[in-house]
Amino acid sequence: MDTLAFLGDFAPGFAVKGCQVKVLTEPSDFFQELCQRSEKAQDRIAMAALYLGTGEKAQTLVESVRKSLKATEGRTRTTFLLDYCRGNR
């Protein structure tokens, strides 16, 4: 770990215990986790992507965000950062 100590001089960091890390090995696991956490969010949701899409997965993700907004009566701060040029293709 000492070999990586120099990184603290160039970028912020934070300590994390290995037992607090969940490794997601499949894209479907990542998507499921993203939807679950979005749905349970109470304070804020922030996502960045090249585009959102119009397919079933995009609709599922948007519905997860919508459920969070409904559960918190619209108090969940929600931000989507998308690539404007990508969305116009």
Side-chain angles (χ1 to χ4, degrees):
M1 194 62 160
D2 291 332
T3 59
L4 301 176
F6 74 94
L7 290 174
D9 296 334
F10 299 101
F14 51 91
V16 178
K17 294 179 182 177
C19 64
Q20 296 173 314
V21 175
K22 180 178 179 180
V23 178
L24 304 173
T25 58
E26 298 294 325
S28 59
D29 295 338
F30 174 76
F31 181 74
Q32 184 177 19
E33 189 78 18
L34 189 62
C35 289
Q36 287 174 352
R37 288 178 180 248
S38 295
E39 193 171 327
K40 293 178 183 177
Q42 295 179 353
D43 183 42
R44 71 178 170 267
I45 298 170
M47 296 190 197
L50 291 175
Y51 60 93
L52 184 57
T54 58
E56 183 179 331
K57 286 195 181 283
Q59 291 175 3
T60 300
L61 180 58
V62 168
E63 187 58 32
S64 296
V65 172
R66 192 179 321 229
K67 286 178 182 177
S68 172
L69 289 167
K70 186 175 181 180
T72 63
E73 297 176 343
R75 289 187 304 271
T76 305
R77 291 177 293 159
T78 305
T79 304
F80 281 86
L81 176 62
L82 304 173
D83 183 334
Y84 176 79
C85 294
R86 177 68 64 122
N88 286 324
R89 291 184 185 175

Kindly indicate, with the supporting measurements, whether the criterion side chain to side chain contact (heavy atoms under 4.5 Å, CB included) is fulfilled by Leu69 and Ile45. CA-CA 10 Å; Leu69 289 167; Ile45 298 170; 5.9 Å; no
To the nearest 0.5 Å, what is the distance between CD (Glu63) and NZ (Lys70)? 8.5 Å
For residues 27-38, which side-chain N or O atoms pair as donor and acceptor with protein atoms under 3.5 Å away, sequence neighbours left out?
| residue | atom | partner | partner atom | Å |
| --- | --- | --- | --- | --- |
| Glu33 | OE1 | Lys22 | NZ | 3.1 |
| Glu33 | OE2 | Arg37 | NE | 2.7 |
| Glu33 | OE2 | Arg37 | NH2 | 3.3 |
| Ser38 | OG | Leu34 | O | 2.7 |

Nearest 0.5 Å please: distance from the CG atom of Asp83 over to the CG atom of Leu52. 13.0 Å
Leu82 to Tyr51 - nearest heavy-atom pair and separation: CD2-C, 4.0 Å
Within the distance-only criterion (no hydrogens, no angle test), does the side chain of Ser68 pair as donor or acceptor with the backbone N or O of Ser64 below 3.5 angstrom? no
Give, for atom OG1 of Thr76 and atom CD of Glu39, the distance between the pair rounded to the nearest 0.5 Å. 11.5 Å
Does any pair with a residue in residues 8-21 pass side-chain hydrogen bond (donor to acceptor under 3.5 Å, both in side chains), and if so which ones, sequence neighbours excluded? none
Cluster check Phe14, Leu7: I/L/V/M/F/W/Y, side chain < 4.5 angstrom: no
Restricting to salt bridge (charged side-chain N to carboxylate O under 4.0 Å, His left out), what partner residues turn up for Glu26, sequence neighbours left out? none
Taking all atoms of both residues into account, what is the closest heavy-atom pair of Leu61 and Met47, and its distance? CD1-CE, 3.7 Å
More than 12 heavy atoms from other groups under 6.0 Å of CZ on Arg44: no
